[in-house]
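Data block below; observations after.
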Amino acid sequence: MFKKEFEKYKFQLQEKATLLKTSLSIYAEEQNIANQRIDNQKSGAIHQVYSGICNVARPITRIIAGSPFVSSNDEDHISFYREKAEQAHAASGVLFYWLIMQYILMNQRINR
């Protein structure tokens, strides 16, 4: 009689252990999927910020390099510098927007 009860108890424990292993496996997979999604979001954010920095740096680099015009017409040079400054200003606005958006998204993720 004791052996029968012992076998029954052993079988129940094995069933519970199997169920627990399955539950833990499902939970681990859900966590992996969530982590992959976060990694993809981080990757996208890094790409956007890096692109924004490059877009700001390009016209600034052209300004530093100087006007490519050989012309003695001052208006050509002024126009060149104005155009590059406007490009840098616009790109810095876009970069600022992406930095603020990423900051907001990161805070939302942290506060969950």
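All values below come from the heavy atoms of this structure, side chains included, with hydrogens, waters and symmetry mates left out.
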## Note on the structure
Taken to the nearest 0.5 Å, the spacing of Glu30 CD from Ile33 CD1 works out to 7.5 Å
### Message
Test your reading of the model: is there a side-chain donor-acceptor pair from Ser51 to the backbone of Gln48, 3.5 Å cut-off?
### Response
no
### Query
Are Tyr97 and Val94 connected in the hydrophobic side-chain network, where two residues link if heavy atoms are under 4.5 Å apart?
yes
### More than 12 heavy atoms from other groups under 6.0 Å of OH on Tyr81
yes
### Query
Looking at Phe80 and Pro68, what are the two nearest heavy atoms and their distance?
CE1-CD, 3.5 Å
#### Entry: Interatomic spacing from OG in Ser43 to NE2 in His47 - rounded to 0.5 Å
8.5 Å
### Query
Say you draw a straight line from CG of Asp39 to CG of Asn35; how long is it, rounded to the nearest 0.5 Å?
6.5 Å
### Query
CG of Asn32 to CZ of Arg37: how many Å apart, nearest 0.5 Å?
12.0 Å
### Task
Working to the nearest 0.5 Å, report the span between CE of Met101 and CZ of Phe96.
12.0 Å
Side-chain donor-acceptor pairs of residues 10-24 under 3.5 Å, sequence neighbours excluded:
from, atom 1, to, atom 2, distance (Å)
Thr18, OG1, Gln14, O, 2.9
Thr22, OG1, Thr18, O, 3.0
Ser23, OG, Leu19, O, 3.1

Extract all donor-acceptor atom pairs below 3.5 Å that involve side chains of residues 56-64 and protein atoms in other chains or at least two apart in sequence.
from, atom 1, to, atom 2, distance (Å)
Arg58, NH1, Asn55, OD1, 2.6
Thr61, OG1, Ala57, O, 2.7

### Task
Could you grab the distance from atom CD of Gln41 to atom CD of Gln102, nearest 0.5 Å is fine?
9.0 Å
